[in-house]
Amino acid sequence: MFICGVGRTKFGILRKALPELAYEAMYNAIRDSPLNIREIDAIIVSNFLSGPSQGQLHLNSLVASLLPGINIPIYRVEAACASGGLAVHQATLLLDRFENILVLGFESMNGNNSKLSAKYIAMAGDSLRDQREGLIFPAQYAIVADCYLRKYKTTHDVLSLVSSKNRSNATLNPLAHFNYSSKDLNTAIKSNVVVSTPLDLFDCCPISDGGQCS
């Protein structure tokens, strides 16, 4: 098994429709590979929130509409933040049936206000317990982070190093959400707004649109 082509869109606040993100990612992946689209035997589509946030389910049918005349199986998988990893895993399981499998993941998450976005993302949690108690994901991860800091008797500074590394790497990637440099990045990270103790704003991911295909 090997990957013969990769395609990505820009990530960030894009204001692009789901079909645009899907088509751009697929187009870039095919251009990057030695294959043409008619040599693809199956497609795995991964997505988390298009149903509640965009009113669009059945994304496999949506992707099929972008490929007229290409009559191949298209499957859709969902596993919240692990949807992309699950799609790749499912593709490996199908390699005994198909030779060339295209794996596509895309999200458009910026069409709603922050309250609705938080509500939709919280759907990955237990609706009978977590959601009713208002345990949104920054709070859940803050509990994990607090346990880590207590267990290893360390401080938030170690988390700041992770954020600093990630933001620095983003400046090297023109497709990254935060593709800009800041001379005072480390200062900004250390003096940031608390979201849910001990996590602050730079510890939390942004609401981002984008697509990836391989």
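The number of heavy atoms from other shown groups lying within 6.0 Å of CD (Glu133) does not exceed 12. More than 12 heavy atoms of other residues, nucleotides or ligands sit less than 6.0 Å from atom CG of Leu116. Shown here is Lys119, whose NZ atom has no more than 12 heavy atoms of other residues, nucleotides or ligands within 6.0 Å. By the 6.0 Å contact criterion, OH on Tyr75 is enclosed, its count of non-hydrogen atoms from other residues, nucleotides or ligands being greater than 12.
When the side chains of ILVMFWY residues are joined at heavy-atom separations under 4.5 Å, either directly or via intervening members, Leu135 and Val195 end up in two distinct hydrophobic clusters. Residues Val77 and Leu102 are members of separate hydrophobic clusters, defined by side-chain heavy-atom contacts under 4.5 angstrom among Ile, Leu, Val, Met, Phe, Trp and Tyr. Hydrophobic clustering of Ile, Leu, Val, Met, Phe, Trp and Tyr side chains at less than 4.5 Å, counting indirect connections, keeps Tyr120 apart from Leu18. When the side chains of ILVMFWY residues are joined at heavy-atom separations under 4.5 Å, either directly or via intervening members, Ile37 and Tyr23 end up in a single hydrophobic cluster. Each of Ile3 and Leu104 belongs to its own hydrophobic cluster when Ile, Leu, Val, Met, Phe, Trp and Tyr are linked at side-chain heavy-atom distances under 4.5 angstrom.
The side-chain heavy atoms of Val158 and Leu149, taken from C-beta on, include a pair separated by under 4.5 Å. A heavy-atom distance below 4.5 Å is not found between the side chains of Glu20 and Leu14. Contact annotation: the side chain of His156 approaches that of Asp200 to within less than 4.5 Å [non-hydrogen atoms, C-beta and beyond]. Side-chain contact between Phe98 and Pro73 is present, with heavy atoms from C-beta onward closer than 4.5 Å. Residues Gln90 and Ile101 are not in side-chain contact: their nearest non-hydrogen atoms beyond the backbone lie 4.5 Å or more apart. Residues Lys165 and Leu161 form no side-chain contact, since every pair of their non-hydrogen atoms from C-beta on lies 4.5 Å or further apart.
Between Arg150 and Asp146, the shortest heavy-atom distance links the atoms NE-OD2, 2.7 Å. In terms of heavy-atom proximity, Ala170 sits nearest to Asn179 at O-ND2, 3.1 Å. Taking each heavy atom of Ala139 and Ser196 in turn, the nearest pair found is CA-OG, 3.5 Å. In this structure, Phe137 and Gly125 approach most closely via the heavy-atom pair CZ-N, 3.8 Å. Taking both residues in full, the closest heavy atoms of Val103 and Ala87 are given as CG1-CB, 3.6 Å, listed atom of the first, atom of the second, then distance. The minimum heavy-atom distance linking Leu66 with Pro19 is given by the pair CD1-O, 3.7 Å.
Counting only distance, with no hydrogens or angles, the side chain of Glu24 and the backbone of Gly211 share no donor-acceptor pair below 3.5 Å. Glu107 contributes a side-chain N or O that, together with a main-chain N or O of Phe48, makes up a donor-acceptor pair within less than 3.5 Å. A donor-acceptor distance shorter than 3.5 angstrom exists from the side chain of Asn47 to the backbone of Phe106, with no hydrogens or angles considered. Checking side-chain atoms of Ser208 against main-chain N and O of Phe11 turns up no donor-acceptor pair under 3.5 Å. Between the side chain of Lys10 and the backbone N or O of Gly210 there is no donor-acceptor pair closer than 3.5 Å. Looking only at distances, a side-chain donor or acceptor of Glu39 sits under 3.5 Å from a matching main-chain atom of Asn36. Using a distance-only test at 3.5 Å, with no hydrogens or angles considered, no donor-acceptor pair links the side chain of Asp32 to the main chain of Gly7.
Expressed to the nearest 0.5 Å, how far CD of Gln56 lies from OG of Ser61 amounts to 8.0 Å. Atom-to-atom distance recorded for His177:NE2 and Asp209:CG is 8.5 Å, nearest 0.5 angstrom. Distance OG/Ser108 to CG/Asn110: 7.0 Å, rounded to 0.5 Å. Interatomic distance, Leu159 CG to Tyr148 OH, rounded to the nearest 0.5 Å: 7.5 Å. The SG atom of Cys213 sits 13.5 Å away from atom OH of Tyr27, with the distance rounded to the nearest 0.5 Å. Annotation: the span from Ile72 atom CD1 to Ile43 atom CD1 amounts to 4.0 Å, rounded to 0.5 Å.
Under the rule for a side chain to side chain contact (heavy atoms under 4.5 Å, CB included), Asp96 has no partner lying at least two apart in sequence or in another chain.
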*Verify side chain to side chain contact (heavy atoms under 4.5 Å, CB included) between Ile121 and Ile136, making sure each step is shown before the conclusion.*
CA-CA 8 Å; Ile121 293 171; Ile136 60 175; over 6 Å; no
Audit row: Ser83, Leu86, side chain to side chain contact (heavy atoms under 4.5 Å, CB included) steps and yes/no
CA-CA 5 Å; Ser83 295; Leu86 175 61; 5.7 Å; no
(Q) With side chain to side chain contact (heavy atoms under 4.5 Å, CB included) as the criterion, how do Val6 and Gln212 come out once you've worked through the C-alpha distance, each side chain's angles and the decisive distance to 0.1 Å? (A) CA-CA 8 Å; Val6 175; Gln212 167 82 34; 3.2 Å; yes
Hey, mind stepping through Ile70 and Ile40 against side chain to side chain contact (heavy atoms under 4.5 Å, CB included) and telling me if it holds? CA-CA 9 Å; Ile70 306 296; Ile40 301 299; 6.0 Å; no
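Between the side chains of Asn60 and His58, a donor-acceptor pair is found at a separation under 3.5 Å.
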